[in-house]
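Written below as structure tokens is the structure these notes are about.
In the text below, chain A, chain B and the rest are named by the order of the sequence lines, each starting its count at 1. As the structure is a computational prediction, the values presented were derived from the model and not from experiment.
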Protein chains: 2
Amino acid sequence: MNDTFKALADPTRRQIIQLLKERDLTAGEIADRFSISKPSISHHLSTLKNAGLIDDTRQGQNIIYSLNMTVIQETLGWFLGMMGTKGDDSRV
Amino acid sequence: MNDTFKALADPTRRQIIQLLKERDLTAGEIADRFSISKPSISHHLSTLKNAGLIDDTRQGQNIIYSLNMTVIQETLGWFLGMMGTKGDDSRV
DNA sequence: ACTTTATTTAGATGATTATCTAAATATCTA
DNA sequence: TAGATATTTAGATAATCATCTAAATAAAGT
């Protein structure tokens, strides 16, 4: 959970996630959309992958990244849990 | 938005939020529930307040902190936007 | 006014992080 | 196997962050 929030606490990484929401992309395609170096993007991708937010699969020379909705759903659940009646401590 | 995610990217701050979900608490009551120093908790509270996640109001010697659901709702919205059909780029 | 209690602000320190360049690895093609 | 392309790993550096102790501010009680 902490890895997830830490991964999301960076604007570049959130943008990457937004890009992957549209369609799967190779590391290079992702890097092309930013003005920072490829190694930096690679590092961000590794952070996102480590948090379980994205998956990767090699296809020839390319590595294709895709969103993994599982962790996003879990995190959404955290917020939903937050939205119960304020002060709700489960007394019926 | 970035302030929100950064504020949430710390376990102590998330725990503070969980505590405030149950009921409003003074700075001291919050600090009592952690093993780190009061100044550190005060700093965390200031980070959360800066992100709009909590409000404070002085009452005598105490400062009472409370959850502000507005930003939490907005952030929930971010996740909901994420949950649209994967690949959804709005072609009807 | 002085003391106590509650809280924050200041200033310092060690750890983590975002970024870079250079080098390594992996795959494909000629 | 040599060369080109795609990507990551290594190592360095500057910035940000979590934490601490000590000092300052605020309110209340004596």
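- Regarding contacts with the backbone of dT27(C), every side-chain N or O of Asn62(A) stays at 4.0 angstrom or more from both OP1 and OP2.
- Distance CG (Asn50(B)) to C1' (dT8(C)): 15 Å, rounded to an integer number of Å.
- Taking the nucleotide of DNA chain C with the nearest heavy atom to each of Gln61(A) and Ile36(A), the more 5' of the two is matched to Ile36(A).
- If you check every strand for non-hydrogen atoms under 4.0 Å, Lys49(B) touches nothing.
- Taking every side-chain heavy atom of Ser42(B) into account, dT8(C) is the closest of dT19(D), dT9(D), dT8(C).
- Side-chain atoms of Tyr65(A) and Leu25(A), non-hydrogen and from C-beta on, never get closer than 4.5 Å to each other.
- Listed for the Arg14(A) side chain is a donor-acceptor partner under 3.5 Å among the backbone atoms of Leu8(A).
- Rounded to whole angstrom, the span from the CG atom of Asn2(A) across to the P atom of dC17(D) amounts to 15 Å.
- Distance Glu29(A) CD to dT5(D) P: 17 Å, rounded to the nearest Å.
- Side-chain N/O atoms of His44(B) include one lying less than 4.0 angstrom from OP1 or OP2 on dT19(D).
- Look at Ser40(A) and you won't find any side-chain N or O under 4.0 angstrom from OP1 or OP2 of dA18(C).
- In terms of position on DNA chain C, the residue among Leu45(B) and His43(A) whose nearest nucleotide sits closer to the 5' end is Leu45(B).
- OP1 and OP2 of dT19(C) both lie 4.0 Å or more from every side-chain N or O belonging to Lys38(A).
- One can place CD of Gln59(A) at 15 Å from C1' of dA26(C), the figure rounded to the nearest angstrom.
- Just one of Asp55(B), Ile16(B), Ile17(B), Leu53(B) meets the side-chain contact (heavy atoms from CB on, under 4.5 Å) condition when paired with Leu67(B); it is Ile17(B).
- One interatomic measurement links the two molecules: CD1 of Ile54(B) to C1' of dT8(C), which rounds to 14 Å at whole-angstrom precision.
- Spacing between atom CZ of Arg13(B) and atom C1' of dT19(D) amounts to 12 Å, rounded to whole angstrom units.
- The side chain of Tyr65(B) contributes no N or O atom lying less than 4.0 Å from OP1 or OP2 of dA6(C).
- Salt bridge present: Lys38(A) and Asp32(A) bring a charged side-chain N and a carboxylate O closer than 4.0 Å.
- Comparing atom distances between the Ser37(A) side chain and each of dA26(C), dC20(C), dA22(D) picks out dC20(C) as nearest.
- Between Ile41(B) atom CD1 and dT9(C) atom C1' the separation is 16 Å, expressed in whole Å.
- Within the 4.5 Å cutoff, the side chain of Leu76(A) has heavy atoms near those of the Leu76(B) side chain.
- Ranking dT8(D), dT8(C), dT27(C) by closeness to the Ala27(A) side chain, first place goes to dT8(D).
- Summarising the geometry, the separation between CG on Asp10(A) and P on dT16(C) is reported as 18 Å, rounded to the nearest angstrom.
- Note on Arg58(A): every side-chain N or O is 4.0 Å or more away from OP1 and OP2 of dT8(D).
- In this structure the side chain of Glu74(B) never reaches within 4.5 angstrom of the side chain of Thr4(B), judged on heavy atoms.
- Considering only side-chain N and O atoms, Thr26(B) lies under 4.0 angstrom from the phosphate OP1 or OP2 of dT7(C).
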